Novice: 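Pasting a structure here, questions to come.
Note on naming: letters A, B, ... go to the chains in the order of the sequence lines (proteins, then strands), and numbering restarts at 1 for each one. Just so it is clear, the model here is predicted, and its values are computed rather than measured.
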2 protein chains.
Amino acid sequence: MHDLRTIRAKSGTNQEGTSAHNRRVVIEAIRLNGPLSRADLARATRLTKQTISNLIESLEADGLVASEDVVRGARGQPSTPYRLVPEGAFSLGVQIDRHLTRVVAVDLMGREVARVVANLPAGGPAEGSKLILGLIETVRRDLAARFPDSVHRLAGLGVAMPGPFGLPPSDDDTWMMAQWQSFPLVETLAAGTGLATSLQNDATACATAERMNGSADGLDHAVCIYFGYGIGAGLILGGELYTGSNRNAGEIGMVLFSRGGTQSPLEHRSSLASLFQHLGLDSATTEAYADVERLTLADDPRILDWLEGAAADMRQAVHMVETIFDPQTVILSGSAPEPLAKRLFEAMFPLIPSNADRPDRSLPRLQIGMVGPWAVALGAAAEPIRRAFDPLFSAILKEAP
Amino acid sequence: MHDLRTIRAKSGTNQEGTSAHNRRVVIEAIRLNGPLSRADLARATRLTKQTISNLIESLEADGLVASEDVVRGARGQPSTPYRLVPEGAFSLGVQIDRHLTRVVAVDLMGREVARVVANLPAGGPAEGSKLILGLIETVRRDLAARFPDSVHRLAGLGVAMPGPFGLPPSDDDTWMMAQWQSFPLVETLAAGTGLATSLQNDATACATAERMNGSADGLDHAVCIYFGYGIGAGLILGGELYTGSNRNAGEIGMVLFSRGGTQSPLEHRSSLASLFQHLGLDSATTEAYADVERLTLADDPRILDWLEGAAADMRQAVHMVETIFDPQTVILSGSAPEPLAKRLFEAMFPLIPSNADRPDRSLPRLQIGMVGPWAVALGAAAEPIRRAFDPLFSAILKEAP
DNA sequence: ACATTTAAGTCAAGCCATTTGACTTAATAG
DNA sequence: CTATTAAGTCAAATGGCTTGACTTAAATGT
């Protein structure tokens with residue numbers, strides 16, 4: 001009998017796992033394709049019409065799907081398409097960035113239904129988490145006022161903040177996020193809200209947002225480059241988010257790049273932080289962001305100067321992730337002022353030739369994100385939704401007793 | 001009704017999927033932990049004792065597991081551990097490299113049971129594939145002579161060759177692999193052998209080998225750097241092999257690295273090909289390999305010179321994959337002469353500090369592979385075994401009718 | 001018009017893998 | 001030598017998917 005040495009093994013599954021998987025498959029199919037009839041779903045999922053009927057009945061009873069108007073026009077009995085019910089589930093998300101925090105609520109479709117933004121106090125995570133709990137309460141009340149049912153339909157709380165996680169504080173930590181990373185944030189927020197709480201880095205959250213309602217809709221292999229104070233990549237690999245063994249996958253900001261003979265992390269030259277530094281702006285002020293926007297629109301030479309160098313590094317970063325991940329597409333997303341993001345995107349062309357130049361491509365090699373500055377917060381919020389409703393391998397497995 | 005536009009959806013599952021998954025989970029548990037009793041398996045997989053008994057009975061009938069001697073020594077009824085039966089399944093693998101080809105047969109444990117190696121004829125894939133079919137036939141006969149039952153227990157044929165796949169031939173193709181890549185190799189070998197045939201790149205195959213019987217045993221997140229004529233990375237992400245959207249993931253040899261102000265693909269400076277070039281050896285001769293081994297053992301200054309530069313690039317490559325993938329460990333494997341591989345490995349220390357320097361590490365950041373020069377062939381052969389017996393998400397899904 | 005064809009969706013019985021709970025077996029501990 | 005602990009079996013029950021026949025309802029074609 002092995003009880004001291006823990007046995008390494010995957011968990012088995014049973015009929016509950018089967019049914020859980022099939023429910024998720026139905027939900028995802030409708031999410032990706034729009035309203036579908038039972039017959040459509042049966043064909044697409046390879047389940048029988050009867051099974052689909054049972055699942056639809058149960059999903060409808062749970063308020064997750066609803067029928068639309070009967071569709072005529074083809075031979076045979078007219079079909080009844082089913083759509084997702086946005087109010088079928090809700091979820092909360094928190095973005096913690098260097099100087100501000102955003103809290104949003106989203107519905108089953110990942111669409112924003114409530115939001116708050118606030119500056120983070122200087123007091124660090126002890127103070128900050130109290131503030132955040134207050135903001136969550138505000139959003140929750142707002143949500144409850146508009147959707148009274150939402151109280152029983154909260155999938156959880158997703159938190160996103162800059163990584164990397166679990167490392168000893170480095171002397172390179174100019175943004176003082178280290179104290180946040182050593183703070184028991186998930187535990188504090190879980191205790192304070194009573195919600196199932198999960199944590200991911202901002203780039204991963206951004207990828208989730210782009211996948212839910214953006215440029216990565218329905219893609220199984222995509223890299224989402226998040227350009228903000230720092231820079232990172234959110235990874236969608238094989239249809240699922242990939243976060244590595246310690247949730248630090250995709251930290252491309254720390255990859256060493258060479259320019260002009262010197263080697264330094266990408267983040268030191270291609271990030272908002274690097275731009276602030278280049279411009280001599282104090283990133284602690286809220287004006288820095290607006291200043292950048294203004295200077296960009298004015299074609300300030302210092303911006304153009306920085307852009308040239310940043311774009312060169314970004315081209316290389318795109319080449320690197322294409323070569324390493326072989327994705328269907330790369331998405332440039334982030335929280336930079338929109339005009340700057342647009343300029344940077346444009347300055348990145350022409351891209352460096354890579355393995356991604358295939359004759360059979362259907363998507364552009366590089367796309368710009370579609371979600372906007374709230375992407376990270378929305379992605380954080382969408383994470384519990386996806387975990388609860390997406391077909392995942394882990395979802396079929398039996399849980400600990 | 002949607003019949004023209006194909007509906008994007010995952011497949012559903014049913015009881016067969018459940019049982020298929022549970023069988024695989026049992027097999028994997030025994031593979032990872034060594035012989036286990038039914039009670040152990042029930043605890044580890046969270047299935048009931050009865051279910052495990054049913055599965056074991058079926059697996060035993062299929063000749064995949066067998067009981068060992070009863071274990072006494074603890075309270076209660078003595079337990080009967082079950083082990084995998086190596087002869088329960090076999091599989092064939094082909095490695096195609098620039099100038100040679102290896103064919104092996106492996107058993108359920110991934111251990112070699114037959115092998116052949118031959119030089120590839122100059123005639124290209126049309127000639128070459130005929131030769132390979134002949135070698136496969138030889139190995140098959142050898143296998144059948146030793147294990148008459150193996151005829152009915154062949155899981156398939158795995159093929160491994162250098163990537164990238166599906167790209168227009170580049171002018172950089174100094175090894176003339178392009179004609180192989182445009183040749184319908186899988187179809188030819190499948191038709192010629194009647195076996196289910198699959199293709200992967202050499203680095204991926206190497207990772208499979210290290211996972212089956214090497215340094216990556218049981219790891220869910222590992223990067224296997226394959227150092228051969230070229231250089232690539234095999235990716236084990238989230239417990240499964242990751243190959244990207246076009247089987248080209250991990251082609252780190254094509255990532256651009258800077259050294260001394262110039263930028264070039266890693267492969268141009270860190271690969272056997274680069275060493276041959278550095279030494280002025282003709283890589284088309286079989287002696288080149290032996291020459292390198294001899295020169296390495298003689299501490300030839302040109303080798304030491306090359307080593308210094310290559311090690312610098314490799315350090316950077318390790319830093320890059322650690323930062324991007326957040327793996328549990330990185331494995332240096334490949335088909336270089338053993339003394340050279342060892343020297344290179346040693347010259348890579350000290351590693352560049354990275355996110356992988358965690359206080360909670362249990363594995364070394366960089367390990368050397370344990371499989372040896374036949375790693376790619378063995379990995380190619382192991383692939384059908386793993387696909388048939390490992391717990392995979394895809395294995396629970398219903399197949400096309 | 002009206003029969004034919006086509007397709008959506010339901011019904012009820014059946015199937016199959018897991019579960020349940022009681023039971024048997026067989027060892028060690030005291 | 002009894003109590004305890006644990007492995008493993010037995011037989012019935014459960015639950016989710018499947019099967020095949022059936023109903024409903026529209027478009028098509030003569």
Side-chain angles (χ1 to χ4, degrees), chain A residues 1-4 7 11-26 35-60 65 67-82 396-399 401, chain B residues 1-4 7 11-26 35-61 65 67-82 395-399 401:
Chain A
M1 200 196 98
H2 295 246
D3 35 10
L4 293 175
I7 303 178
S11 159
T13 186
N14 56 16
Q15 284 99 316
E16 280 177 57
T18 301
S19 145
H21 172 73
N22 289 343
R23 277 174 68 102
R24 287 163 182 256
V25 165
V26 167
L36 294 175
S37 69
R38 298 172 188 213
D40 285 334
L41 286 164
R43 277 186 294 268
T45 62
R46 304 187 206 283
L47 292 166
T48 60
K49 285 186 293 183
Q50 186 55 54
T51 299
I52 293 293
S53 270
N54 298 340
L55 291 170
I56 287 284
E57 188 182 4
S58 141
L59 290 169
E60 195 167 19
V65 306
S67 58
E68 299 215 298
D69 287 346
V70 161
V71 172
R72 280 162 241 270
R75 274 199 177 188
Q77 176 172 332
S79 65
T80 310
Y82 285 79
I396 71 160
L397 307 180
K398 300 181 76 171
E399 290 162 26
Chain B
M1 201 195 99
H2 295 247
D3 35 10
L4 293 175
I7 302 178
S11 161
T13 187
N14 56 15
Q15 285 97 320
E16 279 177 59
T18 302
S19 136
H21 172 75
N22 290 344
R23 277 173 69 101
R24 286 163 182 256
V25 164
V26 167
L36 294 175
S37 69
R38 299 172 185 211
D40 284 334
L41 286 164
R43 277 187 294 267
T45 62
R46 305 187 205 285
L47 292 165
T48 59
K49 285 186 293 183
Q50 187 55 54
T51 300
I52 293 293
S53 270
N54 299 341
L55 291 171
I56 286 284
E57 189 181 4
S58 140
L59 290 170
E60 195 166 19
V65 305
S67 58
E68 300 215 297
D69 288 345
V70 160
V71 172
R72 279 161 243 270
R75 271 199 179 189
Q77 176 173 332
S79 65
T80 310
Y82 284 80
I396 70 161
L397 306 180
K398 299 180 77 171
E399 289 163 26

Novice: What's the CD-C1' distance between E57(A) and dG9(C), to the nearest Å?
Specialist: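 So the two atoms are 12 Å apart, to the nearest Å.
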
Novice: Taking only N/O atoms, report every protein-nucleotides 20-22 of chain D pair under 3.5 Å with atom names and distance.
Specialist:
none

Novice: Whether R38(A) contacts dT10(C) is assessed here as follows: a side-chain N or O lying under 4.0 Å from the phosphate OP1 or OP2. Is that the case?
Specialist: yes

Novice: Counting only side-chain nitrogens and oxygens, does T48(B) get under 4.0 Å of the OP1 or OP2 atom of dT18(C)?
Specialist: no

Novice: Remember a base hit wins even if backbone is also touched, and classify T51(A) as base, sugar-phosphate or nothing at under 4.0 Å, heavy atoms.
Specialist: base

Novice: Starting at atom CD1 of I52(A), determine the distance to atom P of dG16(D), rounded to an integer number of angstrom.
Specialist: 15 Å

Novice: Whole-Å distance between dT18(C) P and L397(A) CG?
Specialist: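 Roughly 14 Å, once rounded to whole Å.
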
Novice: Mind calculating the distance between NZ (K398(A)) and P (dT18(C)) to the nearest angstrom?
Specialist: 9 Å

Novice: Is the shortest heavy-atom distance from the side chain of L47(B) to the side chain of K398(A) under 4.5 Å?
Specialist: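 Sidechains of K398(A) and L47(B): in contact.
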
Novice: May I ask you to say what N22(A) touches in the nucleic acid, namely base, sugar-phosphate or nothing, with a heavy-atom cut-off under 4.0 Å?
Specialist: sugar-phosphate

Novice: Given the rule in the side-chain contact (heavy atoms from CB on, under 4.5 Å) test, do V26(B) and I52(B) qualify, once you have shown the distances and angles that lead to the verdict?
Specialist: CA-CA 8 Å; V26(B) 167; I52(B) 293 293; 3.9 Å; yes

Novice: So what does S19(A) touch, heavy atoms closer than 4.0 Å: a base, only the sugar-phosphate, or nothing?
Specialist: sugar-phosphate

Novice: When you measure from the side chain of H21(B) to the backbone N and O of S11(A), does any donor-acceptor pair fall under 3.5 Å?
Specialist: yes

Novice: Send over the distance from L55(A) CG to dC17(D) C1', rounded to a whole Å.
Specialist: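 One finds 9 Å between C1' of dC17(D) and CG of L55(A), rounded.
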
Novice: Between atom CZ of R38(B) and atom CG of N54(B), what is the distance when rounded to the nearest 0.5 Å?
Specialist: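 Spacing of CZ (R38(B)) from CG (N54(B)) equals 9.0 Å.
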
Novice: Whole angstrom is fine here: how far is it from CG in L41(A) over to P in dA7(C)?
Specialist: 18 Å

Novice: Establish, with yes or no, whether the OP1 or OP2 oxygen of dC17(D) is under 4.0 angstrom from a side-chain nitrogen or oxygen of N54(A).
Specialist: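 For N54(A), the contact criterion (side-chain N or O under 4.0 Å from OP1 or OP2 of dC17(D)) is not met.
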
Novice: If the cut-off is 4.0 Å, is S53(A) near the phosphate of dT10(C), judged by side-chain N/O to OP1 or OP2?
Specialist: yes

Novice: Does the S19(B) side chain pair with the main chain of Q15(B), one donor and one acceptor, at a distance under 3.5 Å?
Specialist: no

Novice: For the side-chain contact (heavy atoms from CB on, under 4.5 Å) test, which of T18(A), I396(A), T13(A) pairs with T13(B)?
Specialist: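 Output: one option passes, namely T18(A).
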
Novice: Atom pairs under 3.5 Å, N or O on each side, protein against nucleotides 26-30 of chain D: can you list them with distances?
Specialist:
unit_1  : atom_1 : unit_2 : atom_2 : d
dA26(D) : OP1    : R72(A) : NH1    : 2.5
dA26(D) : N3     : G76(A) : N      : 3.3
dT28(D) : O4'    : R75(A) : NE     : 3.2
dT28(D) : O4'    : R75(A) : NH2    : 2.8

